[in-house]
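Every heavy atom of this structure was used, including side-chain atoms; hydrogens, water molecules and symmetry mates were not. Order of the sequence lines sets the chain letters (A, B, ...), proteins ahead of strands, with each chain counted from 1.
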Protein chains: 2
Amino acid sequence: MRLNEIRYARAMTSTGSPTRRGPGSVPKNVRPAPDDVDRAILHELAVDGRLANNALAERVGIAPSTCLARVRALREAGVIRGFHADVEPRALGRDLQAMIAVKLAAHARGSMGPFVQRISRQPEVLDVYFVAGANDYLVHVAVGSTEDLREFVAEHLNRDPDVALTETNLIFEHTRAAGRR
Amino acid sequence: MRLNEIRYARAMTSTGSPTRRGPGSVPKNVRPAPDDVDRAILHELAVDGRLANNALAERVGIAPSTCLARVRALREAGVIRGFHADVEPRALGRDLQAMIAVKLAAHARGSMGPFVQRISRQPEVLDVYFVAGANDYLVHVAVGSTEDLREFVAEHLNRDPDVALTETNLIFEHTRAAGRR
DNA sequence: GGTGAAATGAGTGCGAG
DNA sequence: CTCGCACTCATTTCACC
């Protein structure tokens, strides 16, 4: 059985760069910029975060020890932020999800950090999007009931003096794109 | 060294149910409803999806073989939908994120399935929220440039006859709550 | 359903190309 | 940077409680 076949002939993104970036490339940031093998690793681990190291190595066409070193490097560089189990919220008694648009008061516009930190600490909160436009934030929450939702909005949002107004929309369905995150 | 210490005295959610649900509980669905150990497992794996099985077993206070069986059961029951690496989008050349509100045309309101399937197949799409309210969908995308964003909206949304109107808002920052997903 | 021990298989460090 | 080898440790199965 041949182990070193190059199987990762997937499209990935259309960046068009060959195996290694050319010597006359842009400086970019401090980031080493992942090559094609790194991109293949990232894709495989995004699809299946528990893929074993040797299986991953075989898929991307390198030796297991090399693969391990690359994954470690990607983790330490912050390219891979972590590995997480995707848990069905309804199994945890959170049958209801909502997207809450939040507009901050004028006096709170300067320092927005505290609000995000406070709000993302709440167990109901799944995502906080800081957006341009009419609203300042979109807060994605999962709660157990409409009563919990009402209480969350009242306690953590409307009660906050930094919050000018909120608009709550129920989420009927949420599909996430596993494999490209 | 004592292995069987119960360390998972975390708050979890305030459901208030003791170790096993009482005999006179509600029928609920077909779902076996996770007990406290399952909840601890889910929490640990949501925080660190690559936590080794024996380490996980020690944390939740059961034997490794039992722990393995529970994790398998949770996976097959669909409570754990999968394990995914959390990859920094900017490392993949996607420096720009946006939340696009989409309103469908009246004639397309009946069959909304095709739209979601089509749109979530695109590599730029991270999340699709089907929401109540003025808009029908919120589409979370990550692209390489404003030009890519414009092209995505034009090609995959405005060109679609099912789409009545779109509203694109840039995302300055996105914080996800790892540990409760 | 839970557990412990045994066999299989994977993760990890090191020296070398 | 890449690899292969050797050692250590975890995963998984099974009979039994």
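- Rounded to whole Å, the distance from CZ on F83(B) to P on dT11(D) is 12 Å.
- Between the side chain of S65(A) and the base of dG11(C), no donor-acceptor pair of N or O atoms lies under 3.5 Å.
- Between I62(B) atom CD1 and dG4(C) atom C1' the separation is 14 Å, expressed in whole Å.
- For R50(A) and A69(A), each mapped to the nucleotide of DNA chain D holding its nearest heavy atom, the one lying further toward the 5' end belongs to A69(A).
- If you take CG of D38(B) and P of dG2(C), they are 8 Å apart, rounded to a whole angstrom.
- Put simply, CG on D36(A) is 16 Å from P on dC1(D), counting in whole angstrom units.
- Defined by atom type and a distance below 3.5 Å, a donor-acceptor pair is present between the side-chain atoms of N158(A) and T166(A).
- The environment of R118(A) atom CZ is dense: over 12 non-hydrogen atoms of other residues, nucleotides or ligands sit within 6.0 angstrom.
- In this structure, P64(B) and N54(A) both approach DNA chain C, and ranking their closest nucleotides by distance from the 5' end singles out P64(B).
- By the 4.0 Å N-to-carboxylate-O rule, D35(B) lies close enough to R70(B) to be salt-bridged with it.
- Put simply, CZ on R72(A) is 7 Å from P on dT12(C), counting in whole angstrom units.
- Considering only side-chain atoms of N53(B), the nucleotide from dT3(C), dT11(D), dG4(D) that sits closest is dT11(D).
- No N or O donor and acceptor, one from the side chain of T66(B) and one from the base of dG1(C), sit under 3.5 Å apart.
- Ranking dG4(C), dG2(C), dT12(C) by closeness to the R70(B) side chain, first place goes to dG2(C).
- The aromatic rings of H140(B) and H174(B) sit perpendicular, their planes meeting at an angle over 60°, well past the 30° parallel limit.
- Atom pair L68(B):CG and dG9(C):C1' shows a separation of 14 Å (rounding to whole Å applied).
- In this structure, E58(B) atom CD and dC9(D) atom P are separated by 15 Å, rounded to whole Å.
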